[in-house]
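Notes follow once the structure below has been shown.
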Amino acid sequence: MAVQKPSIPKGTRDFLPTEMARRNYIFDTIREVFRCYGFQPIETPAMENLSTLLGKYGEEGDKLLFRILNSGNFLEGVSSQDLDAGNLPALSARMCEKGLRYDLTVPFARFVVQNQSQLVFPFRRYQIQPVWRADRPQKGRYREFFQCDADVVGSDSLLHEADLIQMVEQVFSRLGIRVVVKINNRKILSGVASLIGAPERVTDITVAIDKLDKIGLEQVNAELRERGLPDAAVVALQPVLALSGSNQEKLACLDALFEHIPDGREGVRELREIFDYLATMQVEVPVELDLTLARGLNYYTGAILEVKALDVAMGSICGGGRYDNLTGIFGLPGISGVGISFGADRIFDVLTQLDAFPRETAQSTRIMFVNFGAEEQRQVLPLLSALRRSGISAELYPEASKIKKQLSYADARHIPLVAMIGADEAASGTVTLKDMQTGTQQSVPVSGLCGLLAAMER
RNA sequence: GUGGAUGUAGCUCAGCUGGUUAGAGCGCCAGAUUGUGGUUCUGGAUGUCGGCGGUUCGAAUCCGCUCUUCCACCCCA
């Protein structure tokens, strides 16, 4: 058989040890903040039934779901008419009953409903796992990536929104990334839609105005008309698009605009409450009311928020919001949830670009023993065991290669200490300890090695 | 899903309007140094030129298809 070139699927990645150290630094930071706010970890399967996933992320989302072909005869139940008709969605529904999860929120809603009897509400959970999207890979966009989610379900309190924003502040200040939090509210968006007399066109309107800072006012208006919005509505929308000033000023303007639109006023009230909490909690991260923030996931009903890095051009590195009835679809209505999702892979890219990772923290092996041969090994092995038992990571070079080669290996692995027990040391019951950083060597009694290393730890 | 760029040694890349034996730096291996790495010096190995097909006397070079990576759009973490 011809050798095949090794490869991995498009948009997926291998992670080397140095990358893992850095990724774990991100995960540990986020996990620690989550824990601090009382969230508990859960995990759910990589694959879910497609019925759980389909229809939750909008039309676009359905297309981006990875589907898993049924095992065995996946053509069972597919007729030749079906095949000829070429109705792909119908065919895939027959041949695939499972899919890879697209995010952690929808599986979580399923989890809550399924395990409700064992949960204490309000339930606070965090979850750090990979998700998959059949998107075309791009900068900061992968087909397999990790999300770090924290959600609270079973509470309407807007304190949670404030909590989440404070968590954003904590995570990014610990990581050393300057960010801005953009916040908006779905109720304001639907208020705007009502205001211009097109309440059922919320999606079209939000998708268009979402691009305001990217393509400019003219283009946005053009796109709105393209999407079939009457001229009168586009004109009516202009005051909203022109909104500027501080958050308070914007909210005051909206209040005036929403005089006869209860939904919109409620959205404004919620935002005021959240801003009030943030001030009281002394949250310092900049939080900016952004009317053009839409967020595609269509299960959001209240606050929506997104975090962008200030010093790096990158899509949002964190997003979330309130969803009032996600568990309703799975048979548990009246449970409100609110959550946030940190994009670990994008955060990794941001830290890389900023060169903001801390200097290599924990090297894996602290001390390596040079291998002088079978006889000398007998002296080393018990010592090695003793070190390991006392929690000091140690290894013995496996072959009696040239010293040069063994030291090169220690050097390449950044092992800070090398111990040598050759014929001379064995005879005198000592070990020659070499500091790889300074190159200095000292002779210490074998019996004292363990204690010495333990002391050096401090 | 649409449009554009890209792929040459382990890595980063050079390689003219097609021409015979495809190069550099770094890394790797060996030696200088038979118990001493990171510096230095000397020597050495390495390629289905992303894959398949076509044009041609001849293809890394031109054409087609395909895959990868990257960029823009759509959308999104």
(request) Would you mind telling me which residue lines up with the more 5' stretch of RNA chain B, A:Asp411 or A:Phe372, judged by nearest nucleotide? (result) A:Phe372

(request) Indicate, with a heavy-atom threshold strictly under 4.0 Å, whether A:Gly61 touches base, sugar-phosphate, or nothing. (result) nothing

(message) Taking the minimum atom-to-atom distance to the side chain of A:Met436, which one of B:rG37, B:rC70, B:rC76 wins?
(response) B:rG37

(request) Could you check if a side-chain atom of A:Phe369 sits within less than 4.5 angstrom of a side-chain atom of A:Met420, using non-hydrogen atoms only? (result) no

(request) Would you classify A:Ala423 as touching base, sugar-phosphate or nothing, given that sugar-phosphate means primed atoms plus P, OP1 and OP2, and contacts are heavy atoms under 4.0 Å? (result) base

(request) Looking only at non-hydrogen atoms, find the nearest pair between A:Ala344 and A:Phe27 and report the distance. (result) CB-CE2, 3.4 Å

(message) Nearest to the side chain of A:Phe145, heavy atoms from C-beta on, is which of B:rC70, B:rA77, B:rU36?
(response) B:rA77

(request) Using whole Å, report how far CG of A:Asp135 lies from P of B:rC75. (result) 11 Å

(request) Check every strand shown and say whether A:Met314 touches a base, only sugar-phosphate, or nothing at a heavy-atom separation below 4.0 Å. (result) nothing

(request) Grab the OH-P distance between A:Tyr57 and B:rC74 for me, whole Å please. (result) 23 Å

(request) From the options B:rG1, B:rG37, B:rC76, select the nucleotide whose nearest atom is closest to the side chain of A:Arg346. (result) B:rC76

(request) Quick one: label A:Lys402 by what it contacts on the DNA or RNA (base, sugar-phosphate, nothing), any heavy atom closer than 4.0 Å. (result) sugar-phosphate

(request) With heavy atoms under 4.0 Å as the rule, sort A:Lys63 into base, sugar-phosphate or nothing. (result) nothing

(message) What's A:Gly320 touching, base or sugar-phosphate or nothing? Going by heavy atoms closer than 4.0 Å.
(response) nothing

(message) Rounding to an integer number of Å, can you tell me how far A:Gln147 CD sits from B:rC76 P?
(response) 13 Å

(request) For A:Ile421 and for A:Asp345, find the nucleotide of RNA chain B with the closest heavy atom, then tell me which residue's nucleotide is more 5'. (result) A:Ile421

(request) For B:rU36 and B:rC71, measure between their P atoms and round to the nearest Å. (result) 49 Å

(request) Report the secondary structure of RNA chain B in dot-bracket form, marking unpaired bases with a dot and bases paired to a different strand with |, and treating Watson-Crick or G-U pairs with both distances under 3.5 Å as paired. (result) (((((.(..((((.....[...)))).(((((.......))))).....(((((..]....)))))).)))))....

(request) Please tell me which of the listed nucleotides, B:rG35, B:rA77, B:rG3, lies nearest to the side chain of A:Glu425? (result) B:rG35

(message) Base of B:rG1, side chain of A:Glu60 - is there a donor-acceptor contact under 3.5 Å?
(response) no

(request) Give a yes or no on whether a salt bridge exists between A:Arg346 and A:Asp349, defined as a side-chain N under 4.0 angstrom from a carboxylate O. (result) no

(request) Looking at every strand, decide which applies to A:Phe146 at a 4.0 Å heavy-atom threshold: base, sugar-phosphate, or nothing. (result) nothing

(message) Closer than 3.5 angstrom, by distance alone: can the side chain of A:Glu425 be matched with the main-chain N or O of A:Gly422 as a donor-acceptor pair?
(response) yes

(message) Nearest to the side chain of A:Leu64, heavy atoms from C-beta on, is which of B:rA77, B:rC70, B:rC75?
(response) B:rC75

(message) Please report the distance, rounded to the nearest Å, between CD in A:Gln138 and C1' in B:rA5.
(response) 13 Å

(request) Could you point out which residue of A:Lys187, A:Arg186, A:Arg322 forms a side-chain hydrogen bond (donor to acceptor under 3.5 Å, both in side chains) with A:Glu270? (result) A:Lys187

(request) Output the single nucleotide from B:rG35, B:rC74, B:rA77 whose closest atom is nearest the side chain of A:Lys211. (result) B:rC74

(message) Using a 6.0 Å distance limit plus a 45 degree cone around the ring axis, check whether A:Arg178 lies over the aromatic ring of A:Phe172.
(response) no

(request) Tell whether A:Arg413 reaches the base of B:rG37 with its side chain through a donor-acceptor pair below 3.5 angstrom. (result) no

(request) Among B:rU2, B:rU68, B:rU36, find the nucleotide with the atom closest to the side chain of A:Lys10. (result) B:rU68

(message) From C-beta outward on A:Arg141, which listed nucleotide comes closest to its side chain: B:rC71, B:rC76, B:rU36?
(response) B:rC76

(request) Please determine if A:Asp290 and A:Lys308 form a salt bridge, counting it only when a charged side-chain N lies under 4.0 Å from a carboxylate O. (result) no

(request) Answer yes when A:Glu395 and A:Arg413 have at least one side-chain N-carboxylate O distance shorter than 4.0 Å, and no when they do not. (result) yes

(request) Measure the distance between the ring centre of A:Phe342 and the centre of the six-membered base ring of B:rA77, then answer whether it is under 5.5 Å with planes under 30°. (result) no

